[in-house]
Amino acid sequence: MTKKKSAYSCQACGAVHFKWSGKCSDCGEWNSLVEEFEEGGANSHFSRITIDKKSSKNSNNKLDLIALDGEAQDFLRIKTTINELDRVLGGGLVQGSVILIGGDPGIGKSTLLIQTADALAKHNNHIIYISGEESVDQVRLRAKRLGISQAGIQLAATTNVSDIINSIKPDKNCPTIVIIDSIQTMFLEELSSAPGTVSQVRAAAGELTIFAKKNNITLLIVSHVTKDGQIAGPKVLEHMVDTVLYFEGEKDLHFRILRAIKNRFGAAGEIGVFEMNDIGLSEVNNPSELFLASYDRDTSGTAVFAGIEGSRPILVEVQALVSPSYMPTPRRAVVGWDLNRLAMVIAVLGSRFGLNLFDKEVYLNIVGGIEINETAADLAIACALISAARDIAIASSTIAIGEIGLTGEVRMINNLEARLKEAARLGFKNCIIPKANEKNKNFAALKKSLPDLNLKTVAHIRDLAQLFKK
Ligand code: TYD
Ligand code: MG
């Protein structure tokens, strides 16, 4: 009997190490290395999925090279009719594509998928829902609670990939969509490692992907984001699939954001917003209204920022709290923004605006649990900080957009038109924007098209002083 070689693979990033250590040297995760056995030999699973046997035997095959400028067939898309989901996918599910949906356990992945299955089944699609986590009864009960009773959805509870592949018969008359919930429970008998390990998860996803591509089946794979490092996360599958969506949100808040991280058939970065209530997920078509729901225009320490998420503008409220500190190093804490960026804005305000916060604790919160990564939020954050420190509310109905440089200059931002239109739509009257944006050739036309908005341009953060006069 040949001895199996062992290796240690990181369950967070998939890197393989030949020695165990407490920390993965590739991704820096602690306690994530798990011993797995390499299944060697020509019949091993890995050689089967990576090399097509026929082509490897006959390596003299010549490739047919063709010109780039030929006719190409457009992708066939299946609309789910859930608009927020269709937008994130780039206009619907591409037939025959593989989509990975990642997210924390309990965030609502199964709920989203059963609702998607329902919407698809209503439009003559053939849906197969494989649950590896819940029994058929559990899935049925949830569907019942959500008011779903589509005969077009076929259910099975199993974790064996070969059984799944042997039982699926693609429907010739309508698109077939298979949902796997979740990939961490699936296993291949050929592999000795436990379900949920990197090799099982990768091999199961690989096998299912090959089967789906061969039969033009659209495959939706659920994968949990894992915290303890003992189970492989969605990261190890991202390279294998066409589209990667992450379902995000705070568990105690109602709304959820579906974000495209990678999309071979559409734009990455696009988001869809949903609200979780007792009858499942419902679409939020006007997210700005949701994020500004409790915005009180007359309190100090708050400002509104018009951000861009994917192709869509979203208005969010920024709140700051500045209080005296009795510590040698005052505390700085942020929720929803970058702590280093906050430190930079505080430093620039100190040396270029004359607002010293070195002996103050600073807390910053993007209301509603949404995460903002744009530098264009600098100006709104500076406004919230000045407003909090001086206890002066910003004139009501004001939004601020602009990036701040280290010399205190306010730099140009992109997508100004979309941001201003959203502000106007929600009844904002004053917009503080970078002076540098005036140079754009269509600025005059934009200004004319928004007669209700009072645009105030600033070139340097010291220009903000006039906003905060008592
Ligand atoms: P679920 O879809 O099971 O999460 P996941 O598959 O990502 O693990 O959703 C779980 C949570 O959603 C659960 O805590 C209860 C909540 N929920 C509702 O609030 N309303 C509903 O209608 C449903 C079905 C679930
Ligand atoms: Mg689930």
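Keep in mind that what you see is a predicted model, and the values were worked out from it rather than measured. Every number for a ligand or one of its atoms is a count from 1 in the order of the listing. Just so you know, residue 1 is the first one in the sequence shown, and it goes up from there.
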Among all protein heavy atoms, pick out the one at the shortest distance from [atom]; state its residue, atom name and that distance to 0.1 Å.
atom	answer
atom 2 (O) of ligand 1	Thr111 OG1, 2.5 Å
atom 19 (O) of ligand 1	Met276 CG, 3.5 Å
atom 3 (O) of ligand 1	Arg142 NH2, 2.7 Å
atom 4 (O) of ligand 1	Gly108 N, 3.1 Å

What about [X]: any of its N or O atoms under 3.5 Å from an N or O on ligand 1?
X	result
Asn277	yes
Pro105	no
Gly106	yes

Would you call [X] and [Y] a salt bridge, using N to O less than 4.0 angstrom?
X	Y	answer
Glu248	Arg259	yes
Arg312	Glu422	no
Asp378	Arg341	yes
Glu289	Arg425	yes

Notebook entry, point to check: Which ligand 1 atoms does Ser110 reach within 4.0 Å, using its non-hydrogen atoms?
Noted result: 2 (O), 5 (P), 6 (O)
Notebook entry, point to check: Taking only heavy atoms of Gly280, which atoms of ligand 1 are found under 4.0 Å from at least one of them?
Noted result: 21 (C), 22 (O)
Checklist line | Residue Ser110, metal the Mg ion (ligand 2), N/O/S under 2.8 Å | finding: yes
Next item on the list: Test salt bridge (charged side-chain N to carboxylate O under 4.0 Å, His left out) on Arg87 and Glu283 and set out the steps.
Entry: CA-CA 12 Å; Arg87 193 201 6 262; Glu283 295 179 61; over 6 Å; no
Answer side chain, backbone, both or neither: which part of [X] comes under 4.0 Å from ligand 1, heavy atoms only.
X	result
Leu146	side chain
Ile279	backbone
Lys109	both

Check: Would you call Arg145 a ligand 1 contact, heavy-atom distance under 4.0 Å?
Finding: yes
Check: Does some non-hydrogen atom of the protein lie less than 4.0 angstrom from atom 11 (C) of ligand 1?
Finding: yes
Notebook entry, point to check: Do Asp86 side-chain atoms and Thr80 backbone N/O form a donor-acceptor pair below 3.5 Å?
Noted result: yes
Margin query: I'd like to know if the side chain of Ser110 pairs up with that of Asp181 as donor and acceptor (distance under 3.5 Å, no hydrogens or angles considered).
Written below: yes
Next item on the list: Check the side chains of His224 and Lys109 for a donor-acceptor pair under 3.5 angstrom, ignoring hydrogens and angles.
Entry: yes
Note to self: Is any side-chain heavy atom of Val322 closer than 4.5 Å to one of Leu357?
What the structure shows: yes
Note to self: Within a 6.0 Å radius of atom NE2 on His17, are there more than 12 heavy atoms belonging to other residues, nucleotides or ligands?
What the structure shows: yes
